[in-house]
Amino acid sequence: MSVTVVGSANLDTTLRVVRIPGPGETVMASSIARSPGGKGANQAVGAARSGGADVRFVAALGRDADGDALLASLTGAGVGTDAVRRLADAPSGSALITVGDDGENSIVVVAGANAALTDLDENELAAVAAADVVLACLEIPMVTVVRAAREAARFVLNAAPSTPLPEDLWPHVDVLVVNEHEARDLTGAADLADAVDRLAGRVRALVVTLGARGAVVVSDGVRTSVPSTPVTAVDTTGAGDCFCGVLAARLAAGDDLVTATRWGSAAGALAVQRPGAADATPTHAEVAAALT
Ligand code: ATP
């Protein structure tokens with residue numbers, strides 16, 4: 001059971017504040033912390049650590065200290081990094097994250113090396129073609145997402161952050177995973193139920209994550225609600241990424257989409273109870289225990 005994640009890696013700088021500032025407002029932070037993140041890296045760590053799959057990561061990092069830290073975090077989680085490029089002429093991606101007392105966040109990303117992943121070389125394509133499941137996000141150039149989708153045996157797209165999808169990508173998406181904001185943005189529908197219906201009509205299977213309210217799955221025309229576990233969130237950063245990584249790993253293991261969503265949801269609920277993104281990823285044993 002193998003998963004290849006094609007995506008981004010960022011070194012996160014997280015500021016804890018009482019309340020996320022609005023436009024023109026200044027607030028004082030109570031702490032600052034640097035930790036590994038980026039949607040792709042969080043997903044790869046989630047798949048390897050909580051999902052228990054054999055995971056390879058296709059990504060671009062700078063040849064800098066942030067890149068070294070990101071690589072160490074990935075290898076430490078058991079992610080295969082032979083298809084991770086190191087670039088001398090671009091800095092590693094970074095993100096500035098503000099987390100409020102309620103656990104909600106706001107994020108600004110500087111793409112850096114992630115933006116240079118505009119093609120896939122032979123080794124990277126082989127990593128994509130060999131995987132049971134390929135998972136991609138939209139923090140890398142769209143042309144690479146489309147290329148990976150074409151080569152993948154089974155393609156899971158986390159259409160985040162919100163970006164319009166090119167027409168030639170849709171037919172290759174086996175499972176689309178979006179949160180409720182992305183579902184609305186992709187369809188232009190103000191009503192969530194309407195957005196779910198429209199998206200379900202365009203892809204083979206759909207998962208819409210709803211934060212503390214869990215997720216909705218639409219597969220083979222059947223709509224299933226998967227509730228989340230009630231928990232106290234301290235930092236929701238990366239919950240969706242952890243969810244996607246675990247979901248991809250469980251699909252690779254042969255689970256059906258609803259079962260894989262239950263695993264992703266349990267992992268997401270554990271992740272929000274800890275600070276950080278990749279560092280908040282629970283272990284396979286913790287997720288299995290939460291599901292019993
Ligand atoms: P992010 O962008 O912050 O990484 P997201 O918006 O992509 O997250 P969410 O829908 O917030 O994704 O979360 C993914 C999953 O994690 C949810 O479907 C849910 O199962 C779990 N989860 C997230 N937040 C909570 C919470 N506060 N309590 C319990 N479970 C949660």
Qualifying residues under salt bridge (Lys or Arg N to Asp or Glu O under 4.0 Å), relative to [X], sequence neighbours excluded:
X	answer
D174	R204
E25	R19
D101	none

Review point. Side-chain heavy atoms under 4.5 angstrom apart, residues restricted to Ile, Leu, Val, Met, Phe, Trp, Tyr: same cluster for V272 and V287?
Key: no

Practice item. May I ask whether V5 and V133 are part of the same hydrophobic cluster, defined by side-chain heavy atoms of I, L, V, M, F, W, Y residues being less than 4.5 angstrom apart, directly or through others? Key: yes

Review point. Any idea which heavy atoms bring N114 and S8 closest together, and the distance?
Key: OD1-CA, 3.2 Å

Check your understanding: If every non-hydrogen atom of A127 is compared with every non-hydrogen atom of A83, which pair is closest and at what distance?
Key ->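 Answer, listing the atom of A127 first, then A83: CB-CB, 4.4 Å.
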
Practice item. Using a 4.5 Å cut-off on heavy atoms from C-beta on, say whether the side chain of V175 contacts that of L257. Key: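 Heavy-atom side-chain distance check passes, below 4.5 Å.
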
Point to revise | Beyond-backbone contact of N158 with Q43, side-chain heavy atoms, under 4.5 angstrom | key: yes

Point to revise | Pairs satisfying salt bridge (Lys or Arg N to Asp or Glu O under 4.0 Å), at least one member in residues 140-167, at least two apart | key: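 Listed once each, the pairs are R147-E151, R150-D168, E167-R202.
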
Calculate, to the nearest 0.5 Å, the distance between atoms [atom1] and [atom2] belonging to [X] and [Y] respectively.
X	Y	atom1	atom2	value
L11	T13	CG	OG1	6.5 Å
L157	L165	CG	CG	6.0 Å
R274	D279	CZ	CG	10.5 Å

Point to revise | Salt bridge present between D12 and K39 (N-O < 4.0 angstrom) | key: no

Exercise for review: Would you mind checking if R262 and D256 are paired as a salt bridge, meaning a charged N to carboxylate O distance below 4.0 Å?
Suggested key: no

Modelled atom types, side-chain donor and acceptor of [X] and [Y], under 3.5 Å:
X	Y	value
S92	D66	no
S30	R16	no
D235	N105	no

Point to revise | Selection residues 196-230 - residue pairs positive for ring pair (Phe, Tyr, Trp, His ring centres under 6.0 Å), sequence neighbours left out | key: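 Found none.
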
Review point. Can you list every ring pair (Phe, Tyr, Trp, His ring centres under 6.0 Å) pair that touches residues 238-267, not counting sequence neighbours?
Key: W263-H284

Practice item. For a side-chain contact (heavy atoms from CB on, under 4.5 Å) with M142, tell me which candidate from I140, T144, L138 qualifies. Key: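 Testing M142 for a side-chain contact (heavy atoms from CB on, under 4.5 Å) against I140, T144, L138 leaves exactly one candidate, L138.
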
